[in-house]
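Just so we're on the same page: letters track the sequence lines, and every chain starts at 1. As the structure is a prediction and not an experimental result, all values here were calculated from the model. Hydrogens, waters and symmetry mates are skipped; everything else that's a heavy atom, side chains included, is used.
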There are 2 protein chains.
Amino acid sequence: MLKAERHKYIMTKLIEDQKVVTTDLALALDLSEDTIRRDLNELDSKKLLEKVYGGAVQVKEKSANVFDIAITAEEQKKQIVTKALSLLHDDQVIIMSGGSTNLVFAKLIPADLKATIYTYSLPIAMQLSQHPNIDLIFIGGKMQKNAMVTIGMDVIQVVSKIKADICFIGASSINIKQGLTEVGYEISIVKKAMIEASDRVVSMFASNKLNTKMPHGVCDLTQLDTIVTELDPEDEKLDEYRKSGVFIL
Amino acid sequence: MLKAERHKYIMTKLIEDQKVVTTDLALALDLSEDTIRRDLNELDSKKLLEKVYGGAVQVKEKSANVFDIAITAEEQKKQIVTKALSLLHDDQVIIMSGGSTNLVFAKLIPADLKATIYTYSLPIAMQLSQHPNIDLIFIGGKMQKNAMVTIGMDVIQVVSKIKADICFIGASSINIKQGLTEVGYEISIVKKAMIEASDRVVSMFASNKLNTKMPHGVCDLTQLDTIVTELDPEDEKLDEYRKSGVFIL
DNA sequence: CTTGTAGATGCATGATTTTGCAGTTTTTAG
DNA sequence: CTAAAAACTGCAAAATCATGCATCTACAAG
């Protein structure tokens, strides 16, 4: 694993959990704590986080414009979500989770689509508020900072009352055995509720998420109806997933 | 294999995996690592990727900001809201309506303020979500798209259950006789609920809103505790308002 | 056909970076 | 205060890198 990857992992984890612990990272990444400490010191000196005794926390002020949302590998994500556009039809009730892949998806939803969309992600709501024909419902609750999504019981309560035709659910990690898994516990339970509330469950993610795992389970593969990656559906990397019965787009 | 082919292969691989490793590429392409390194350096200098120790990763891209929110007369608004910062204290429960004046206010809230803030405005929530010490609660509901706020009964229900210390309420129009008035009916009833739910009601607006009116009433002047404009509190344009008993900052 | 040249490639070498370990210091918690 | 955990420091091994140089290839001019 490259150092740059580690740093990215650490920053992602930091955003999800608001903190990282040196020993946990050393265990998760299979490296000595010394190396993790050096990483944290480096990221600290770049002002990307603040090192504290035992780990690191988020840096206080982000001087960059809050409304500039960086999307990594946007082209790849466009490629993925374009395939999923065929799943959209007029008059559907849709639930969308957060995540940058879903944000790219939101950007590409055709302007003439008439649908009702529920979301609990601020950026996705802002994006969809540009669409003339979409009834947009934001699911309120306590905000998880930096992930820009609402979480908690308020969200679960609202979601569990929705009768949706389809939900689009981001994926932190997916593998054959555990299915979808998430870094954060709170997000994982919201996603569980989304799946319960929807007739059809679609997950979109880049193939590098395949065969990885995170601490908190969301659902197993049998609960997913469709997965979408940038790969050809017949690609051998997807063989095992195809066998599990999930439809691959 | 031509160099151009290799470069294409490397870029494809990079998009697939979000990274490339020098040794892997050397093996896959049956070339020395030196050549791969030269390739990576070349692509790096063309800004097509970023070389790191052991391989290369994707360059960070910034998304086009669909989220650009134009604020007219931002300097004047800064001047207004700066006065209102003195009304903030730790441990307050605050409700904020939408509007660009309130958005400017949100930007200027000190980083060390510990408070709970309710809002139903997407831009304000995005702004505050970066704030380290604020418990932020978004009030969900149906989105009114152009204003980027939620409206309707869901919002009223949540707001009416809040016990807030102070609310900051944008103003479309204000005059002596009718007090605060709004263009939209839906917004007007949400603001009524905010006022009911708060011990103290503050309204911030530029002086050109003075002595204008809109179709839907929100409250009369006696229900406002404080108003804030860019004018000196002793300015004669405010004489009549001062007489009504409202505090002018 | 020969020859010269420019670019590409691989190898050797020394420099640089990364990483884990051992010993010491600092911080935290009781 | 004391003990344990975490952090820092110096060091050495391994991996990676930059550089110079020789070789090879392609191609054009003579």
Side-chain angles (χ1 to χ4, degrees), chain A residues 1-61 72-73 145-146 173 183-185 208 211-215, chain B residues 1-60 111-112 114 132-133:
Chain A
M1 175 175 266
L2 300 174
K3 192 166 73 154
E5 275 184 278
R6 281 204 315 270
H7 287 189
K8 197 170 162 189
Y9 176 90
I10 291 171
M11 292 309 298
T12 307
K13 182 99 174 146
L14 184 62
I15 288 171
E16 299 273 359
D17 296 353
Q18 330 264 3
K19 63 159 187 182
V20 288
V21 177
T22 309
T23 51
D24 293 352
L25 286 172
L27 206 62
L29 298 171
D30 194 29
L31 286 166
S32 73
E33 294 182 20
D34 299 83
T35 301
I36 301 299
R37 265 191 282 277
R38 278 188 268 251
D39 283 343
L40 295 180
N41 281 330
E42 201 174 323
L43 291 168
D44 182 301
S45 69
K46 283 193 216 161
K47 312 274 183 194
L48 295 174
L49 51 72
E50 187 187 346
K51 189 151 174 7
V52 297
Y53 194 84
V57 296
Q58 289 176 305
V59 71
K60 285 189 175 169
E61 191 199 343
T72 56
K145 286 170 187 163
N146 292 52
S173 294
V183 183
Y185 169 71
N208 63 341
N211 308 320
T212 61
K213 75 168 191 173
M214 293 286 177
Chain B
M1 175 176 270
L2 270 56
K3 192 162 74 155
E5 280 181 89
R6 280 204 317 270
H7 287 191
K8 181 144 186 170
Y9 176 88
I10 291 171
M11 291 310 298
T12 307
K13 184 93 176 150
L14 183 63
I15 288 173
E16 266 180 36
D17 299 350
Q18 321 242 18
K19 65 155 185 180
V20 289
V21 177
T22 310
T23 51
D24 292 352
L25 286 172
L27 207 62
L29 298 171
D30 194 30
L31 286 166
S32 72
E33 295 182 17
D34 300 80
T35 302
I36 301 299
R37 263 191 284 278
R38 285 180 184 115
D39 285 342
L40 295 181
N41 282 330
E42 201 173 322
L43 291 167
D44 181 298
S45 67
K46 283 192 215 161
K47 313 270 184 190
L48 295 174
L49 50 72
E50 187 190 348
K51 182 137 178 27
V52 298
Y53 194 86
V57 296
Q58 291 176 311
V59 290
K60 300 173 180 75
D112 61 351
K114 291 180 184 29
N133 296 310

request  = Applying side chain to side chain contact (heavy atoms under 4.5 Å, CB included), run through A:Gln18 and A:Val57 and close with a yes or a no.
outcome  = CA-CA 6 Å; A:Gln18 330 264 3; A:Val57 296; over 6 Å; no
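For the pair B:Arg6 and B:Asp34, nearest-nucleotide mapping onto DNA chain C gives the more 5' position to B:Arg6.
Here A:Arg38 does not pair with A:Glu42 in a salt bridge; the nearest charged N to carboxylate O distance is not below 4.0 Å.
A close approach under 4.0 Å does not occur between any side-chain nitrogen or oxygen of B:Arg37 and OP1 or OP2 of C:dT9. Here A:Lys3 reaches the OP1 or OP2 of C:dT18: one of its side-chain N or O atoms lies under 4.0 Å away.
When each of B:Arg6, B:Lys51, B:Lys46, B:Lys8 is checked for a salt bridge (Lys or Arg N to Asp or Glu O under 4.0 Å) with B:Asp39, only B:Arg6 meets the rule.
Looking at A:Thr22, its side chain does come within 3.5 Å of a backbone N or O of A:Gly54 through a donor-acceptor pair.
If you check every strand for non-hydrogen atoms under 4.0 Å, A:Asp39 touches nothing. Across all strands shown, A:Val52 has heavy atoms under 4.0 Å from sugar-phosphate atoms exclusively, and none from any base.
The side-chain heavy atoms of A:Tyr9 and A:Leu29, taken from C-beta on, include a pair separated by under 4.5 Å. Counting heavy atoms from C-beta outward, B:Leu49 and B:Leu40 have side chains that approach closer than 4.5 Å.
Counting all heavy atoms, side chain and backbone alike, B:Val52 lies closest to A:Ala4 at CG1-CB, 4.0 Å. Annotation for A:Leu25 and A:Ile10: closest pair CD1-CG1, 4.0 Å, computed over non-hydrogen atoms.
B:Leu31 has its CG atom 11 Å from the P atom of C:dC11, to the nearest Å. In this structure, A:His7 places its NE2 atom 12 Å from C1' of C:dT19, rounding to the nearest Å. The distance from atom CD of B:Glu33 to atom C1' of C:dT13 is 16 Å, rounded to the nearest whole Å. What separates NZ of B:Lys51 from P of C:dT16 is a distance of 16 Å, to the nearest Å. Distance B:Leu29 CG to C:dA8 P: 16 Å, rounded to the nearest Å. One interatomic measurement links the two molecules: CG of B:Leu40 to P of C:dT9, which rounds to 13 Å at whole-angstrom precision.
No donor-acceptor contact under 3.5 Å links the side chain of B:Tyr53 to the base of C:dT18. A donor and an acceptor atom sit less than 3.5 Å apart, one in the side chain of B:Arg38 and one in the base of C:dG10.
Protein chain B contacts DNA chain D over a range whose 5' and 3' limits, counting nucleotides with an atom under 4.0 angstrom from a non-hydrogen atom, are D:dA15 to D:dG20.
Contacts classified as salt bridge (Lys or Arg N to Asp or Glu O under 4.0 Å) and involving residues 12-22 of chain B (residues at least two apart or in different chains) are given here: A:Glu5-B:Lys19, A:Lys237-B:Glu16, B:Lys13-B:Asp17.
Comparing the start and finish of the helix from C:dC1-D:dG30 to C:dG30-D:dC1, five pairs each, the helix axis swings through 30°, to the nearest 10 degrees.
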